[in-house]
Amino acid sequence: MENQNPERKTLDERQKMTDLERIRHSCAHVMATAISKLWPDAQFAAGPPVENGFYYDVELEHRISPEDFAKIEAEMKAVIKANQTFEKVVVTRDQALQDAQKGRLAALAERSAPSKFKLDIVQNIPEGEPISYYKNGDFIDLCAGPHVMRTGNIGAFRLTHVASAYYKGDEKNPQLQRIYGTAFKNKTELEAYFTMVEEAKKRDHRKIGQEMGLFAIDTEFVGPGLPLWLPKGAAIVEELERLAKETEFAAGYVRVKTPHIAKEKMYLTSGHLPKLYADAMFPPMELQEDKTEVAPVTDHESRITRYYLKAMNCPHHHRIFAAEPRSYRDLPLRLAEYGTNYRYEQSGELFGLMRVRSLNMNDAHIYCSPEQFAQEFNAVNELYLKYFKIFGLEKYVMRFSTHDPKRLGEKYVHEPELWIQTENMVRDVLKNSGINYVEVPNEAAFYGPKIDVQVWSAIGREFTIATNQVDFAVPKRFGLVYRDRDNTDKTPLCIHRAPLGTHERFIGFLIEHYAGNFPLWLAPEQVRVLTIGDEQPLVDYAKSVVQELRANMVRAEGDYSTDKINGKIQQAEQAKVHTMLVIGSRDLEAGNVSVRLHGKGNQGAKPKGDVIANIVQSIKERRS
RNA sequence: GCCAAUGUAGCUCAGUGGCAGAGCAACGGUUUCGUAAACCGUAGGUCGUCGGUUCGACCCCGACCAUUGGCUCCA
């Protein structure tokens with residue numbers, strides 16, 4: 001086992017555990033107690049509280065499956081019922097090492113095999129730091145605490161799932177079974193949590209996407225991670241693109257279009273190849289050139305040209321910048337494109353629309369001078385806030401990732417002064433604009449500081465939706481310059497920004513955020529006209545309403561079938577159609593339509609013209 | 001990629017070592033109806049793929065493919 005010295009939490013930081021975290025951490029011990037009783041040779045590693053509960057990593061021949069949960073939970077309940085005290089014992093390092101050798105740590109009794117992970121952990125505790133055990137009944141575990149006073153203080157708990165994890169997250173280390181559970185102060189809170197989980201499942205974008213016919217993933221013919229947008233999903237894509245295009249046009253962006261592939265030279269120049277990004281790119285296409293060449297070719301390699309599917313748009317945009325001589329008068333130059341990128345995400349990383357291999361990015365690159373930077377960067381942030389408002393996002397945070405000077409030339413391009421300079425510029429903009437941000441050291445992109453935008457959906461789930469990066473390195477690698485006032489060539493700064501992220505992830509997020517109940521402007525089927533009966537004059541009237549709506553670019557469908565009106569409404573409600581217009585003979589005579597809104601019920605009969613005008617206006621304003 | 005679970009009709013899901021099932025959707029017919037499902041009928045499947053065990057496999061075993069849950073929030 002490797003004896004590294006990873007960044008550890010200090011004991012002081014540990015003591016800050018909340019009451020709930022103490023309950024969960026204690027519950028992890030109780031679970032270990034139960035597992036030790038059932039399988040005495042279990043070897044435990046780490047068992048911390050986590051965001052929604054706790055886990056404990058265990059090495060055990062027996063594969064624990066959810067069928068074992070009842071058994072384990074029964075033992076846990078016995079321990080809780082016994083109301084054992086959590087007793088803290090401070091020991092010497094020698095004592096800890098001895099007990100670990102005897103297999104006494106994270107165990108109910110001494111064992112023939114040493115407590116190997118605990119032994120490793122003890123050896124990694126820095127000299128001088130106190131070492132402690134926590135005992136409950138016969139179970140002794142190496143633990144810094146803190147815990148609740150007694151096992152009986154664990155109000156309510158449940159085991160949830162099993163996963164695997166490497167010891168210390170390193171694939172060179174043994175693979176452990178990670179058993180997850182959750183615990184709360186009382187049964188009411190536990191049940192509320194599971195209700196929330198159920199609610200999240202109902203909003204799962206994969207489920208709603210299937211039900212509403214938004215997208216399909218055809219792994220057999222198209223490939224995993226390569227979603228197909230069905231007509232209803234494509235309608236949302238089109239609306240988002242329209243929003244972006246209008247907004248960006250008004251903000252002085254110009255649109256460009258670039259191919260989906262480029263030569264290897266492009267990515268060698270950008271620095272993504274040969275190594276940095278190679279794993280995330282699809283393997284190259286190799287073109288045999290000069291097939292008619294008859295002269296002997298000594299260098300086989302020289303006849304092959306490699307093309308790569310683009311994993312990002314920036315290099316193409318850089319070449320557009322380079323396509324013409326640029327003057328300081330051309331700056332800032334804002335190049336925008338809904339570019340399609342291909343990234344080879346590992347198979348285990350794929351997840352519905354949220355993690356895919358083909359993605360359409362709301363991309364743009366802003367080339368500017370250092371003097372223009374603050375204003376441009378601020379304008380980008382304003383754009384984010386504008387979008388948040390449209391989508392009703394109230395909670396967000398911008399994670400500002402900076403570099404680590406120790407890793408210059410390795411993880412980060414070696415430009416010490418530029419790093420500090422641009423980071424200061426970004427920090428100033430964030431401070432002055434009053435945007436909610438946190439600073440995270442050592443997580444920047446390799447070519448400059450980065451901002452990740454995290455948002456919270458309506459039910460409080462967190463999503464990283466977009467990134468925003470400053471790039472002072474790659475324009476230089478591409479030799480991009482503009483002629484400045486003083487008649488010298490200078491390298492521009494470049495801001496990479498994608499406020500709407502990718503269609504795939506953003507729509508995945510929106511599906512959950514709205515639970516599929518999109519506002520009118522985004523709804524895949526905005527209006528459905530339902531006739532009461534299928535008599536010809538009614539159908540003709542209904543068709544004329546559909547036609548008039550479509551003439552106004554409203555996505556409207558008609559249901560003229562012989563089903564009963566209740567049945568038609570049921571179907572339209574289930575399809576989450578935003579507005580239903582019910583038409584019976586009374587409406588026909590009066591020139592009315594009866595309006596029913598999804599989830600809101602009957603709104604009564606109104607004049608046809610008024611209703612259509614209102615629908616058109618609501619879409620135009622993108623009302624929420 | 002690694003570990004585990006899952007894979008049965010378009011969708012949601014039952015099921016058994018001995019003829020493959022339901023609801024919804026689809027299709028045909030009957031019904032002409034005012035705000036969350038009228039009725040009858042028809043059709044639909046090499047039970048993820050390939051191999052093995054067996055008289056016989058959707059079921060048991062193995063490999064592969066795919067999906068899902070996870071893969072440092074560290075005693």
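Per chain, numbering begins at 1; letters A, B, ... match sequence-line order.
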Which nucleotide in the list [options] gets nearest to the side chain of [X]?
X	options	answer
Glu51(A)	U35(B), G69(B), C73(B)	C73(B)
Pro224(A)	U67(B), C71(B), U35(B)	U67(B)
Thr219(A)	U67(B), U35(B), G70(B)	U67(B)
Asn566(A)	U32(B), U67(B), A37(B)	A37(B)
Phe351(A)	A37(B), U35(B), G69(B)	G69(B)
Lys564(A)	A38(B), A36(B), U67(B)	A38(B)
Glu535(A)	C71(B), U32(B), U35(B)	U32(B)
Thr562(A)	U32(B), U68(B), C71(B)	U32(B)
Ser164(A)	G70(B), U32(B), U67(B)	G70(B)
Ser594(A)	C11(B), U67(B), G34(B)	G34(B)

State, with a plain yes or no, whether a side-chain heavy atom of Arg596(A) is found less than 4.5 Å away from one of Ile569(A).
-> yes

If I pick the [atom1] atom on [M] and the same atom on [N], what distance separates them, to the nearest angstrom?
N	M	atom1	result
A63(B)	U6(B)	P	15 Å
G48(B)	U68(B)	C1'	15 Å
C64(B)	G7(B)	C1'	14 Å
A9(B)	C47(B)	C1'	10 Å
C3(B)	C11(B)	C1'	31 Å
U49(B)	C40(B)	C1'	40 Å
C60(B)	U54(B)	C1'	10 Å
G10(B)	A36(B)	P	32 Å

On RNA chain B, more 5' by nearest nucleotide between Leu350(A) and Arg178(A) is Leu350(A)

Residue whose nearest RNA chain B nucleotide is more 5′ - Gly604(A) or Leu176(A) |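 Result of the comparison: Leu176(A).
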
Convert the base pairs of RNA chain B into dot-bracket notation, remembering that pairs crossing earlier ones are written with [ ] and that bases paired across to another strand are shown as |; include only Watson-Crick or G-U pairs under 3.5 Å.
-> (((((((..((((....[..)))).(((((.......))))).....(((((..]....))))))))))))....

How would you label the contact of [X] with the nucleic acid (heavy atoms, under 4.0 Å): base, sugar-phosphate, or nothing?
X	value
Gly352(A)	sugar-phosphate
Gly567(A)	sugar-phosphate
Ile569(A)	base
Gln574(A)	base

Between the side-chain atoms of Asp587(A) and the base atoms of G34(B), is any donor-acceptor pair under 3.5 Å?
->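 It does, because a donor-acceptor pair links the side chain of Asp587(A) to the base of G34(B) below 3.5 Å.
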
Taking everything shown except [X] itself, do over 12 heavy atoms lie less than 6.0 Å from its [atom1]?
X	atom1	value
Glu51(A)	CD	no
Met149(A)	CE	no
Lys135(A)	NZ	no

Start with the C-alpha gap between Lys232(A) and Glu525(A), add the side-chain angles, then the distance that decides, and say whether salt bridge (Lys or Arg N to Asp or Glu O under 4.0 Å) holds.
-> CA-CA 7 Å; Lys232(A) 295 245 163 84; Glu525(A) 187 174 342; 3.6 Å; yes

Quick one: [X] [atom1] to [N] [atom2], roughly how many Å, whole number?
X	N	atom1	atom2	value
Phe221(A)	U49(B)	CZ	P	13 Å
Gln603(A)	A36(B)	CD	P	13 Å
Gln571(A)	C33(B)	CD	P	19 Å
Phe215(A)	G10(B)	CZ	P	19 Å
Ile217(A)	G7(B)	CD1	C1'	16 Å
Asp563(A)	C24(B)	CG	C1'	13 Å
Glu220(A)	A66(B)	CD	C1'	10 Å
Glu345(A)	U67(B)	CD	P	13 Å

Just distance, no hydrogens or angles: give the donor-acceptor pairs under 3.5 Å from side chains in residues 199-214 of chain A, sequence neighbours left out.
unit_1, atom_1, unit_2, atom_2, d
Glu199(A), OE2, Arg203(A), NE, 3.2
Arg203(A), NH1, Glu512(A), O, 2.7
Arg203(A), NH1, His513(A), O, 3.1
Asp204(A), OD1, Arg206(A), N, 2.7
Asp204(A), OD1, Arg206(A), NE, 3.0
Asp204(A), OD2, Arg206(A), NE, 3.3
Asp204(A), OD2, Arg206(A), NH2, 2.4
His205(A), NE2, Leu353(A), N, 2.8
Lys207(A), NZ, Glu211(A), OE2, 3.1

Charged N to carboxylate O below 4.0 Å: is that the case for Glu443(A) and Lys450(A)?
->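 The answer is no: the pair does not qualify as a salt bridge.
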
For C40(B), glycosidic torsion class - syn if within 90° of 0, otherwise anti = anti

Could you tell me the separation between the CG atom of Leu97(A) and the OG atom of Ser115(A), rounded to the nearest 0.5 Å?
->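 Here the rounded value is 11.5 Å.
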
Looking at Arg206(A), does any N or O in its side chain come under 4.0 Å of the phosphate oxygens OP1/OP2 on U67(B)?
-> no

Short side-chain N/O contact from Tyr180(A) to OP1 or OP2 of C71(B), under 4.0 Å |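 Indeed, a polar side-chain atom of Tyr180(A) lies that close.
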
Could you point out which residue of Thr33(A), Asp141(A), Thr85(A) forms a side-chain hydrogen bond (donor to acceptor under 3.5 Å, both in side chains) with Asn136(A)?
->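 The passing option is Thr33(A).
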
Closest heavy-atom contact between Cys143(A) and Tyr134(A)?
->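 Taking Cys143(A) first and Tyr134(A) second, the nearest heavy atoms are O-CD1, 3.5 Å.
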
